[in-house]
Amino acid sequence: MLRHLYRQQRFWSDLADRQPLAEQHAALLQILGLAEQVYSPEYGELVDRRRELEQLRARRTQFSETLHDLARDILREPGLSVALTTESIQIARDELNDGIQALRARRETILARGSEVALSDDEQTRTAELGAHRAKLLADMEASLRRRQDIKDRLDDLHAYHENLLGELDRMARAEDAGAVFSDLRVTHFK
C-alpha cells in the first residue's frame, strides 16, 4: 500500500478501484495511523462475533437442509413435505410408536391364537401349570438370593466384630505387660 502513496495517481479509487468503499476507508485510516482511534478493540471483537454468528447461521442452514434430505429419504412419509421441525419429528415418532404398538398387539393375538390352535386343552392346562410352577420357582430363587445376601452381610459384620475383639485382646495384653513392668517402679513424691 505504501508504494502506491508515492505514485502519481490522483485518486485513491484509482489504486484500489475493486475494493469496497469500507475497506478503502479502513486501509487509509491504517496508513494514516488513525485506525486505532476509530476502530477500538471492542469494535474488533464485535466484528469477530458477527462473523462467527454468520458462520453459525450458515452451518445451521446447511445442517437443516442435510437433516431434511436425510429424513425425507429415511422416513418416506407422504405428509413430510415441509421442513423438519421438532413438531414434525415428534409427530413422526408418535406415528412410528403407534405402529409398533399395533404390531406388538397383532403379534400377541397371533401367538395366542397359534397356541390355542397348536395345543389341545390338556396341553394348554399343562402349559399354564408349568408357567405357574416356573413363576413360583423364580420367586423362591429371588427370595433365596436375598437371604444369601443378608447372610453374607451378617457374616461380614461378624468378621469385623471378630477383628475388633482380637485388637482389643491385643491391647489388653500389652496393657497387662506394661503394668507388670511398671509395677516394680516406685513413685516418690518430693516436695
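Keep in mind it's a predicted model, so treat the numbers as computed, not measured. The basis for the numbers below is simple: all heavy atoms, side chains too, and nothing from hydrogens, waters or symmetry mates. Numbers here simply count residues along the sequence, with the first being 1.
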Can I get a per-line list of side-chain donor-acceptor pairs under 3.5 Å for residues 44-55, giving both atom names and the distance, sequence neighbours left out?
residue, atom, partner, partner atom, Å
D48, OD1, R51, NH1, 3.2
E54, OE2, R57, NH1, 3.2

Response to the item:
Separation between CG (L137) and CG (L130), nearest 0.5 Å, reads 10.5 Å
Worksheet item: Below 4.5 Å, heavy atoms only, C-beta onward: do L56 and R59 meet side chain to side chain?
Response: yes
Practice prompt. Step through the shown structure and confirm whether more than 12 heavy atoms of other residues, nucleotides or ligands are within 6.0 Å of CD on E176.
Written response: no
Worksheet item: Which distance, rounded to the nearest 0.5 Å, do you find between the CG of L165 and the CE of M172?
Response: 10.5 Å
Worksheet item: After noting the C-alpha distance and the side-chain angles of S144 and R147, does the key distance pass the side-chain hydrogen bond (donor to acceptor under 3.5 Å, both in side chains) rule?
Response: CA-CA 5 Å; S144 297; R147 275 185 301 202; 3.0 Å; yes
Discussion item. Taking D156 first and then K152, would you say they form a salt bridge - that is, a charged N and a carboxylate O separated by under 4.0 Å?
Written reply: yes
Worksheet item: Would you say the side chains of N97 and Q101 form a donor-acceptor pair under 3.5 Å?
Response: no
Discussion item. Side-chain heavy atoms nearer than 4.5 Å, only ILVMFWY residues, links allowed to pass through others: does that put L34 and Y43 together?
Written reply: yes
Worksheet item: How many angstroms lie between NE2 in H133 and CG in D140, if you round to the nearest 0.5 Å?
Response: 9.0 Å
Worksheet item: Under 4.5 Å between any side-chain heavy atoms of I100 and R104, yes or no?
Response: yes
Worksheet entry | D94 vs Q90, side-chain hydrogen bond (donor to acceptor under 3.5 Å, both in side chains): CA-CA, chis, key distance, verdict | CA-CA 6 Å; D94 292 342; Q90 186 63 38; 3.0 Å; yes
Item to complete: Examine the side chains of Q149 and D153 and answer whether a donor and an acceptor come within less than 3.5 Å of each other.
Response: yes
Discussion item. Any non-hydrogen side-chain atom of R171 less than 4.5 Å from a side-chain atom of E168?
Written reply: yes
Item to complete: Would you mind checking if D150 and R154 are paired as a salt bridge, meaning a charged N to carboxylate O distance below 4.0 Å?
Response: no
